[in-house]
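Just so you know, ligand 1 is whichever comes first in the structure, and atom 1 is the first atom listed for that ligand. The analysis underlying the following values was restricted to heavy atoms, covering all of them including side chains, and did not include hydrogens, waters or symmetry mates.
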Amino acid sequence: MTKLEALRQYEQAHKDSVSGEERPAFHLSPAVGWLNDPNGFSWYQGKYHLFYQFYPYAPRWNVGVNWGHWTSENLVEWKREPAAMAPDESYETGVFSGSAVTDADGSHLLMYTAHFEEEKIPGEVYRRETQCLARGDGKDYSKDPRNPVIAEKELPADCEISDFRDPKLWIEQDGTYSAILASRDRRTQLGKLLLFQSENAGEWHYVSTILANDGRFGRMWECPDFYMLDGRCVVSASAMAVKNDDPSYRNGYTVLAFIGDYDEQTHRFTAGEPQGLDLGFDFYAPQTMETPDGRRILVAWMQAPETGGNAPETIKWYGMMTFPRELSVRDGHLYQKPVREIEKLHLDTVRADQTLEGETELDGISGRVIDLSVDVTVPEKDAEPFEMDFASDGTHRISLKWDPESGRLLLDRRHDGRSSSVCSVRETVVRPGQTLSLRILLDRFSYEIFVNGGAQVLSGTMYEMPAEADRIAFQSDGARVCAEKHALREVMGAL
Ligand code: FRU
């Protein structure tokens with residue numbers, strides 16, 4: 001039996017070991033075991049395809065990671081497909097992250113990193129990351145005999161082959177294949193993003209350095225993306241180990257988006273300061289694709305890599321994707337909102353409109369699997385901070401606190417029932433003033449908070465929050481709250 005056959009068999013045999021209630025209701029999670037980055041997010045033969053870093057044999061990351069696979073016709077209802085790739089060639093011990101396009105011949109072309117690791121001498125690990133191709137029909141994929149197609153020979157001499165990964169591939173209008181890749185500079189040891197091109201997908205050459213870490217944003221960068229949106233060019237990267245105390249970024253493993261301009265002649269990219277793409281606790285390695293109707297959609301791994309080893313003891317699966325988000329750029333800022341297809345999941349709708357006097361719960365505004373919008377208007381003078389708890393049972397809760405004067409927004413997860421010690425408070429600065437608008441996607445194990453039309457987003461997981469914690473409470477003197485809540489249909493349980 002090949003490694004891939006064994007993987008498919010294992011996935012099939014264990015998929016029913018997790019019941020619907022033990023899973024998120026509308027977020028993607030692995031059948032069993034571990035999930036990290038989204039891979040190969042694409043539209044192929046009338047369906048969305050989303051692959052992912054998958055290790056079914058334990059709820060922990062493993063260097064022998066595979067590609068799992070789902071498909072969907074509408075981005076909200078997904079079908080589990082047999083796993084797509086396992087590390088079964090001599091040049092790979094793990095099939096790391098990558099992307100997918102429809103090739104000129106109609107096949108589905110995957111480009112991924114073949115991670116190779118061996119310890120010939122005890123204590124000395126030899127590591128090499130090269131770029132490879134696989135081709136398929138939307139179900140079964142075969143590795144290209146020319147693999148690896150980008151290796152030492154193509155890599156500029158000042159870059160390390162041990163940290164060279166995560167190709168984001170696209171095909172230019174004239175048929176040229178382009179890919180942006182993350183690498184590490186030998187001298188500075190910092191991440192940089194390289195552009196490669198090819199006429200035939202088999203032979204590649206280095207073209208330019210799109211961006212280099214100047215030392216302010218962590219060490220190595222991973223999972224780059226590159227796209228045009230609303231007349232601007234967006235380059236994003238997931239930065240490892242960022243140290244800072246600026247509330248416009250989060251420290252740790254953080255995703256940066258640079259909104260700038262790209263010169264197609266010189267292949268140079270210029271941009272100002274990056275934007276932190278998600279200022280909550282759990283968000284990494286996002287990947288985007290363009291839908292047939294021209295929308296740019298993002299999906300990310302909803303986890304901070306630094307807490308990737310913290311799966312609760314009883315859980316059989318670990319790792320989720322964010323809900324798909326539609327992106328737009330306005331005035332040099334990237335906005336995110338849940339894809340409009342979420343309406344397909346809306347069940348009943350409850351609305352409430354009330355001026356708050358102290359702690360208040362609003363009629364019918366509660367629940368744990370919901371799409372909730374809250375518009376807050378505070379009095380013009382001497383406005384007190386506005387506070388809100390959700391997923392609450394009195395003891396457990398996730399709390400938000402907004403100071404209208406400074407715009408400071410605090411997200412507090414100290415009471416989410418967690419059995420490990422992790423960062424519990426995030427602070428960011430949103431628009432100050434009289435109004436605040438929130439849209440919260442709440443699921444059994446996660447929340448995604450879109451602030452002021454998606455100008456900022458804060459996401460987090462809560463694997464140990466009791467399922468019954470479904471109360472929502474507001475706290476303010478004099479703020480007016482207009483809330484709209486849709487209960488959501490469960491679509492992932494029977495996946
Ligand atoms: C990011 C990452 C990628 C790599 C993959 C391995 O989370 O480290 O750089 O390709 O995960 O699973």
Angle between ring planes, Trp170 versus Phe226, binned at 30° and 60°: parallel, tilted or perpendicular?
parallel
Is there a polar contact, in the sense of an N or O pair closer than 3.5 Å, between Arg165 and ligand 1?
yes
Residue and atom name of the nearest protein heavy atom (relative to atom 8 (O) of ligand 1), distance in Å to one decimal:
Glu222 OE2, 2.8 Å
Look at atom 12 (O) of ligand 1 and find which of Met240, Gln303, Gln53 reaches it with the closest heavy atom.
Gln53
From Leu194, Leu133, Thr113, Leu181, residue fulfilling side chain to side chain contact (heavy atoms under 4.5 Å, CB included) relative to Ile150
Leu181
Strictly by modelled atom types, are Ser178 and Glu172 linked by a side-chain donor-acceptor pair under 3.5 Å?
yes
Ranked by distance from atom 2 (C) of ligand 1, the top protein heavy atom is Asp37 OD2, 3.3 Å
Among the heavy atoms of Asp166, does any lie under 4.0 Å from an atom of ligand 1?
yes
Would you say Ser42's side chain and Gly40's backbone share a donor-acceptor pair under 3.5 angstrom?
yes
Taking only non-hydrogen atoms of Tyr284 and a 4.0 Å limit, the atoms of ligand 1 in range are 1 (C), 7 (O)
What atoms of ligand 1 come closer than 4.0 angstrom to any heavy atom of Ser97?
5 (C), 10 (O)
Can you classify the ring geometry of Phe41 versus Tyr48 as parallel (below 30°), tilted (30 to 60°) or perpendicular (above 60°)?
tilted
May I ask you to check if Arg413 and Phe281 form a cation-pi contact, with NZ or CZ under 6.0 angstrom from the six-membered ring centre and within 45° of the axis?
yes
Run the numbers for me: atoms of ligand 1, each under 4.0 Å from some heavy atom of Asn36, listed by number.
5 (C), 6 (C), 7 (O), 11 (O), 12 (O)
